[in-house]
Amino acid sequence: MIWPFATRQDLNVKKMLSRILNAARLDGDTFRELRDDSSATVQSVSLVAIIGLCYGAGLGFFGFFVAGISLLDVFTIILIGLLSAAIIAFVWSGTTFLIVTKLFRRTIGYWGLARPFFFSWAPGVLFILMSSPIPIISEIIRAAGTAWIGVASVFAVKHAAGFSAQQSMLTFIIGVLVLIFILAFIQFLVPVN
């Protein structure tokens, strides 16, 4: 196996589901366990993929039910959701890792931070419910899921890096500002018509 999967990976679905529920409940012990358990790397990356698929399916089927888009378009949206989730997860976790290690000078490996951070996305399984044909329900679910992920990511960083709540919140705010800057810069370079 190649790094970061050099250790034997835990593919126990029951354990993964338990971790998903505990991460959604903002359980600090679960985030610390994920930080220290290198065998959970595949679980954490798989969860990001699941969340991306849920988001894409929620949007795609909402479009299918409301706007009448084709099933091919739904499939395309699902794949875009998957790809987008992977890119966002790695860019956001990388940005957070740089803030934690360079700004706050904490010693933690990338995967030690990324595993709990990726599991903080657990509330994103709710995105599948965005497929409701009632637009207001879809928007409420999207907003609630996004807010819950934001709060969970603050808790994940707090427990994984051994931060205070204030340091973790500051890390989140700086990370979001950096990501907004990156997106603005990309839109400046490649204007969308």
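Numbers here simply count residues along the sequence, with the first being 1.
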May I ask you to test the [X]-[Y] pair for a side-chain heavy-atom distance under 4.5 Å?
X      : Y      : answer
Arg19  : Leu34  : yes
Ser39  : Arg8   : no
Ser46  : Met16  : yes
Ser153 : Phe172 : yes
Arg142 : Tyr55  : yes
Val48  : Phe90  : no

**Asked** Okay, side chain of Asn22, backbone of Ser18: is any donor-acceptor separation there less than 3.5 Å?
**Response**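 Yes; at least one donor-acceptor contact below 3.5 Å.
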
**Prompt:** If every non-hydrogen atom of Ala57 is compared with every non-hydrogen atom of Ile128, which pair is closest and at what distance?
**Reply:**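 Heavy atoms of Ala57 and Ile128 come nearest at CB-CD1, 3.4 Å.
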
**Prompt:** Please, which pairs that meet side chain to side chain donor-acceptor pair (under 3.5 Å) have at least one residue in residues 92-108, sequence neighbours excluded?
**Reply:**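 Those involving residues 92-108 are Ser93-Tyr110.
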
**Prompt:** Going by the angle between their ring planes, with limits at 30° and 60°, are Phe185 and Phe181 parallel, tilted or perpendicular?
**Reply:**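 Plane angle under 30°, so parallel.
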
**Prompt:** Val176 pairs by side-chain contact (heavy atoms from CB on, under 4.5 Å) with which of Val178, Ile173, Ile180?
**Reply:**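 That would be Ile180.
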
**Message:** Tell me every residue that passes side-chain hydrogen bond (donor to acceptor under 3.5 Å, both in side chains) with Thr30, counting only those two or more places apart in sequence or in another chain.
**Reply:**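 Thr30 satisfies side-chain hydrogen bond (donor to acceptor under 3.5 Å, both in side chains) with Asp27 only.
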
